[in-house]
Amino acid sequence: RYNSGGSMKSHTDNNLSSLTAILPQQYANTVIESLIEAPGTSALVWNARGTLLQDVWYKQMLPTISPGKVMLQMLIPSAQLDAALAIVIEKGKLHLQGAGAVFASPCEDFWAGSGFHDWPVNALPDLSSADHPCLLDLKRDLCLIHCVVESDQTRAVSKAAIDAGAHGPVVFYGEGRGLRDHLGWLRITKQNGKEILTVLVEEAASKDVFSAMASAADIHLPGRGYMFMLPQERGM
């Protein structure tokens, strides 16, 4: 499976999958502990927030309620994917309306340092859809939209996504580097803080949602941010 080359190893036989979950804070620890309880397993975890817009004018004067979310991402053997999805859905209560999301796609190529610990092939139990009916609710032909913008654009882009038929985006934070670092004193005119909006949509609606978000963010203008869309094999 792995081809050793110097201090690196690669994985190119398409038996790895990338799994990402967006979870309510109250269930996140239970999900994470269930997924990585076997020795050698691991997950990348970071904080995010949901989107709740205030459309009534007097409510806009109040602080926006931003429900906390936890995002986790794992690179696991594809044979373990169903088991991982079932754990995320059941332990994370994703069958509840607005609870969060989970999605997965094949990993075409993977490189890591020689000391990287591979996910054990038997870390999670084998199962079938009959054992876990929640797997039957997973949808195919999904797309994941990432939109990187400055924080003052987040509300407009979120509203555009919802108006176009998407669920409210999940937002997490980042920092822009590059051109700003070479502006000298002028760097104070350009924010380094960025917000990344994540939206999971059905493929049939993806172009409309993508176009609406791009228009709201003025992505066509220099320095306004960027967007991209990735197909997902399964998700909910």
Side-chain angles (χ1 to χ4, degrees), residues 1-2 11 13-51 67-110 112 116-146 166-172 196-203 230-236:
R1 293 177 182 173
Y2 289 97
H11 193 305
D13 59 358
N14 297 325
N15 70 339
L16 285 179
S17 291
S18 172
L19 182 149
T20 305
I22 301 170
L23 302 165
Q25 286 182 326
Q26 63 266 36
Y27 303 128
N29 285 340
T30 302
V31 173
I32 294 168
E33 290 170 1
S34 299
L35 285 171
I36 64 173
E37 62 183 355
T41 55
S42 60
L44 176 66
V45 182
W46 66 96
N47 294 321
R49 62 176 175 84
T51 306
K69 300 287 184 183
V70 174
M71 295 186 69
L72 69 89
Q73 190 169 64
M74 301 176 300
L75 199 61
I76 63 176
S78 297
Q80 299 274 284
L81 183 57
D82 279 354
L85 286 168
I87 288 173
V88 172
I89 295 169
E90 292 171 1
K91 301 290 187 180
K93 311 293 185 184
L94 295 190
H95 63 283
L96 300 176
Q97 180 69 25
V102 63
F103 42 91
S105 60
C107 180
E108 295 184 359
D109 201 356
F110 168 69
F116 185 84
H117 295 285
D118 308 322
W119 183 288
V121 294
N122 58 350
L124 300 176
D126 295 331
L127 51 78
S128 66
S129 299
D131 299 322
H132 296 267
C134 64
L135 295 176
L136 299 175
D137 294 329
L138 290 168
K139 294 184 177 181
R140 296 187 180 271
D141 300 323
L142 298 172
C143 289
L144 182 70
I145 299 174
H146 281 304
H167 295 287
V170 172
V171 184
F172 58 98
I196 299 95
L197 287 75
T198 299
V199 186
L200 186 68
V201 296
E202 295 186 12
E203 186 178 26
L230 299 170
Q232 301 297 308
E233 183 182 76
R234 286 184 291 170
M236 69 181 305

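- Looking at S18 and S105, their side chains never bring a donor and an acceptor atom within 3.5 Å of each other.
- Taking each heavy atom of M74 and A43 in turn, the nearest pair found is CG-CB, 3.6 Å.
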Apply side chain to side chain contact (heavy atoms under 4.5 Å, CB included) to the pair R234 and D82, showing each step before the final yes or no.
CA-CA 10 Å; R234 286 184 291 170; D82 279 354; 2.8 Å; yes

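- Considering only heavy atoms from C-beta on, D137 stays 4.5 Å or farther from H95 through its side chain.
- Partner V31 forms a side-chain contact (heavy atoms from CB on, under 4.5 Å) with one of V70, I89, L72 and no other, that one being L72.
- Considering all non-hydrogen atoms of both residues, P77 and L16 come closest at N-CD2, 3.8 Å.
- When all heavy atoms are compared, the tightest approach of V201 to A166 is CG1-CB, 3.7 Å.
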Stepwise side chain to side chain contact (heavy atoms under 4.5 Å, CB included) test for V88 and L23:
CA-CA 8 Å; V88 172; L23 302 165; 4.0 Å; yes

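- Scored by the salt bridge (charged side-chain N to carboxylate O under 4.0 Å, His left out) test, E233 finds no partners at all (sequence neighbours excluded).
- Taking CD1 from I87 and SG from C134, the interatomic distance works out to 10.0 Å, rounded to the nearest 0.5 Å.
- Counting only distance, with no hydrogens or angles, the side chain of Q80 and the backbone of L124 share a donor-acceptor pair below 3.5 Å.
- When all heavy atoms of L144 and H146 are compared, the pair lying nearest together is CD2-NE2, 3.5 Å.
- Put simply, the side chain of V102 reaches to within 4.5 Å of the side chain of M236, judged on heavy atoms.
- One finds the CH2 atom of W119 at 5.5 Å from the CG atom of L35 (value rounded to the nearest 0.5 Å).
- The side chain to side chain contact (heavy atoms under 4.5 Å, CB included) check on P120 picks up T41, N122, A123, with sequence neighbours excluded.
- Within the structure, no pair that satisfies the ring pair (Phe, Tyr, Trp, His ring centres under 6.0 Å) test touches residues 15-36, not counting sequence neighbours.
- In this structure, the separation between CG on L44 and OG1 on T20 is 9.0 Å, given to the nearest 0.5 Å.
- The distance from the OG1 atom of T198 to the CZ atom of F103 is 6.5 Å, given to the nearest 0.5 Å.
- Of all heavy-atom pairs spanning K69 and A99, the tightest one is NZ-O, 3.0 Å.
- Note that CD of Q26 is 10.5 Å distant from CG of N29, once rounded to the nearest 0.5 Å.
- Atom CG of L19 sits about 10.5 Å away from atom OG of S78, to the nearest 0.5 Å.
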